[in-house]
2 protein chains.
Amino acid sequence: MSTAPGSVQSIDRTLSILETLSAAPLGLSLSDLAAATDLHISTAHRLVNVLAEHGYALKDPSSGKYRLTLRTFEIGSRVSSVWNLLSSAKPQLDELAAVSQEAVHLVERDGHGIVYLYKAEPFQQLVRMDSHVGLRNPMYCTGVGKSILALLPPKAVKEIWETEAHPVFSPHTIVDFSDMQKELDRIRSRGYAIDDEEHEPGVRCIAAAIRNWAGAPVAAISISAPVSRMDAQAMERLLPRLLETSVQISRMMGFSD
Amino acid sequence: MSTAPGSVQSIDRTLSILETLSAAPLGLSLSDLAAATDLHISTAHRLVNVLAEHGYALKDPSSGKYRLTLRTFEIGSRVSSVWNLLSSAKPQLDELAAVSQEAVHLVERDGHGIVYLYKAEPFQQLVRMDSHVGLRNPMYCTGVGKSILALLPPKAVKEIWETEAHPVFSPHTIVDFSDMQKELDRIRSRGYAIDDEEHEPGVRCIAAAIRNWAGAPVAAISISAPVSRMDAQAMERLLPRLLETSVQISRMMGFSD
DNA sequence: AACAAAAATATCACATTATGAAAATTTAGA
DNA sequence: TCTAAATTTTCATAATGTGATATTTTTGTT
């Protein structure tokens with residue numbers, strides 16, 4: 001582990017510990033943590049205890065394992081954009097879920113990916129979908145992601161495309177750049193995106209971008225359903241609602257036309 | 001700024017930067033950040049850039065200010081207890097909000113306080129309440145907090161009481177320890193807690209604890225409403241629902257009787 | 001536009017600080 | 001109870017982070 005110039009070794013290592021712990025739902029023993037982060041056990045001990053002193057981690061008294069506390073949740077929930085979006089969008093999304101009787105997602109763009117900020121589900125309609133608040137996904141294979149890509153400058157799209165891999169999740173996943181460009185053209189002309197089982201087999205969704213005061217596509221919303229329910233008629237019925245909601249939220253973010 | 005023995009200066013400072021940024025919705029310039037954290041500007045620059053390299057912060061291109069990214073949200077959302085509780089409790093809480101037509105909260109105990117994990121609101125019922133997901137509150141002045149305190153060992157209650165201050169939020173706030181002990185007795189015998197404008201004037205709520213497999217009160221749920229709506233009859237009507245839901249969730253956490 | 005002032009970023013010699021080997025202690029297993 | 005493993009503490013040492021200074025960039029003013 002060589003520290004990049006301008007970086008700080010102890011912080012690199014501590015963030016590595018933080019991330020390792022966040023991926024371990026059951027917690028980790030000190031030795032496991034040291035092994036997973038490739039640190040000397042003495043160093044791992046010191047660093048995880050610094051996190052503990054600051055309330056970010058603790059040694060679970062019953063299991064003896066280290067795990068993260070809600071301090072990280074607290075800090076993460078305070079990120080300003082989460083605030084802005086959720087406070088203005090939540091009621092609209094709940095209503096959209098209620099009238100469509102399908103799962104509705106709100107995601108925000110973050111760097112080259114999207115992060116799920118909110119999921120509104122209708123009662124009883126339990127669809128197996130592995131989306132959840134806090135999840136990060138790439139843009140190229142999701143409806144929400146593509147709806148955002150379609151409104152980004154071509155240079156940005158290219159940069160994003162070139163700096164990441166494009167795993168195939170299904171036969172429908174778009175992995176060719178010129179195919180993606182055509183798809184983004186379609187999305188621009190239609191005003192919405194369709195994810196036709198490109199990420200999760202069996203799930204189809206329609207998505208629309210949310211734009212801020214500067215017109216930048218900072219977020220997106222979607223309605224997801226099993227392909228059996230999300231057929232042509234369903235899409236025709238749901239699209240006006242989806243677009244209406246996305247426009248409303250965009251307006252609340254300061255976007256005008 | 002003297003580093004406590006066993007601690008690591010650069011991490012102390014970086015976490016201080018993280019926390020400062022999380023409290024600044026509009027972001028902070030480098031000099032403001034340095035001033036707020038009492039760091040040399042050169043040091044602040046180096047440390048915030050380490051956070052940026054790891055994707056936790058960024059320098060907003062439009063404003064030139066540093067702010068947190070969704071990386072912190074992503075890490076925070078992965079805390080295992082959030083997972084466990086949310087996945088089992090969410091549908092129940094949504095239903096409770098729907099049948100009661102009032103705001104429902106789920107909180108988890110974290111150290112000496114509670115953190116809001118979920119808020120379910122009925123349509124249209126917009127009550128001014130400054131609760132939100134991620135918020136941390138003390139236990140002594142909230143219904144959820146008191147319902148948890150009531151099931152903790154007396155030693156733990158005493159320890160929590162003695163290590164924190166007890167600001168008065170309203171004439172009803174309980175700030176005397178023996179008063180609190182009587183109140184916790186009442187809560188134990190009734191099986192639920194009432195927050196009668198002890199934290200937010202004008203808001204009354206009923207709360208019940210959620211217990212895990214070991215019987216420990218790890219979380220709590222509540223129904224909140226303006227005092228005008230949350231009168232004796234309303235409480236009589238809502239209590240069975242609240243208790244039923246808390247028992248259901250406790251069962252899903254592995255608690256039996 | 002040109003200038004001045006302020007803010008942000010990069011450099012680097014140095015002393016402070018984090019490091020990890022080793023010892024001491026605690027916990028778990030036989 | 002004893003043994004082995006895991007955790008925690010200690011401490012000498014060198015590597016690492018620090019902050020003064022220099023450079024560059026940005027911002028505001030005439």
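A salt bridge between B/E74 and B/R78 is present, with a side-chain N of the basic residue lying under 4.0 Å from a carboxylate O of the acidic one. Salt bridge B/R136/B/D110: present, at least one basic N to carboxylate O contact under 4.0 Å. A salt bridge is defined here as a Lys NZ or Arg NE, NH1 or NH2 lying under 4.0 Å from an Asp or Glu carboxylate O, and A/D185 with A/R188 meets this definition.
Contact record, A/T20 with A/A36: CG2-CB, 3.7 Å, taken as the closest heavy-atom pair.
Map A/H45 and A/I11 each onto its nearest nucleotide of DNA chain D; the residue landing nearer the 5' end is A/H45.
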Measure all distances between protein nitrogen or oxygen atoms and nitrogen or oxygen atoms of nucleotides 20-24 of chain C, and list the pairs falling under 3.5 Å.
{"residue": "C/dG20", "atom": "OP2", "partner": "A/R13", "partner atom": "NH1", "Å": "3.3"}
{"residue": "C/dG20", "atom": "OP2", "partner": "A/T43", "partner atom": "OG1", "Å": "2.6"}
{"residue": "C/dG20", "atom": "N7", "partner": "A/S42", "partner atom": "OG", "Å": "3.3"}
{"residue": "C/dG20", "atom": "N7", "partner": "A/R46", "partner atom": "NH2", "Å": "2.9"}
{"residue": "C/dA21", "atom": "OP2", "partner": "A/H40", "partner atom": "NE2", "Å": "2.8"}
{"residue": "C/dA21", "atom": "N6", "partner": "A/S42", "partner atom": "OG", "Å": "3.1"}

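Comparing D/dT7, C/dA8, D/dT18 by their closest approach to the side chain of B/L30 singles out C/dA8. In the set D/dT8, C/dA7, C/dT19, C/dA7 carries the atom at the smallest distance from any side-chain atom of B/S31.
Neither OP1 nor OP2 of C/dA8 sits under 4.0 Å from any side-chain N or O of B/K59. Taking 4.0 angstrom as the limit, A/Y66 places a side-chain polar atom (N or O) nearer than this to OP1 or OP2 of D/dT8.
Counting only residues at least two apart or in different chains, ring-ring contact (aromatic ring centres under 6.0 Å, His included) contacts with residues 66-86 of chain A comprise A/W83-B/H132. Applying the ring-ring contact (aromatic ring centres under 6.0 Å, His included) definition to pairs two or more places apart or across chains, none involves residues 7-33 of chain A.
Following rounding to the nearest Å, B/L47 (CG) and D/dG17 (P) show an atom-to-atom distance of 10 Å. Regarding A/D38, its CG atom lies at a distance of 15 Å from the C1' atom of C/dT19, rounded to whole Å.
Aromatic ring pairs are classed by plane angle as parallel below 30°, tilted from 30° to 60° and perpendicular above 60°; the pair B/H199 and B/F169 is perpendicular.
Qualifying salt bridge (charged side-chain N to carboxylate O under 4.0 Å, His left out) partners for B/K59, counting only residues two or more places apart in sequence or in other chains: none. Here B/E108 pairs with nothing under the salt bridge (charged side-chain N to carboxylate O under 4.0 Å, His left out) rule; sequence neighbours left out.
Between its opening and closing five pairs, the helix from C/dA1-D/dT30 to C/dA30-D/dT1 changes axis direction by 60°, a value rounded to 10 degrees.
Contact annotation for A/K65: no contact, since no heavy-atom pair falls under 4.0 Å across all strands.
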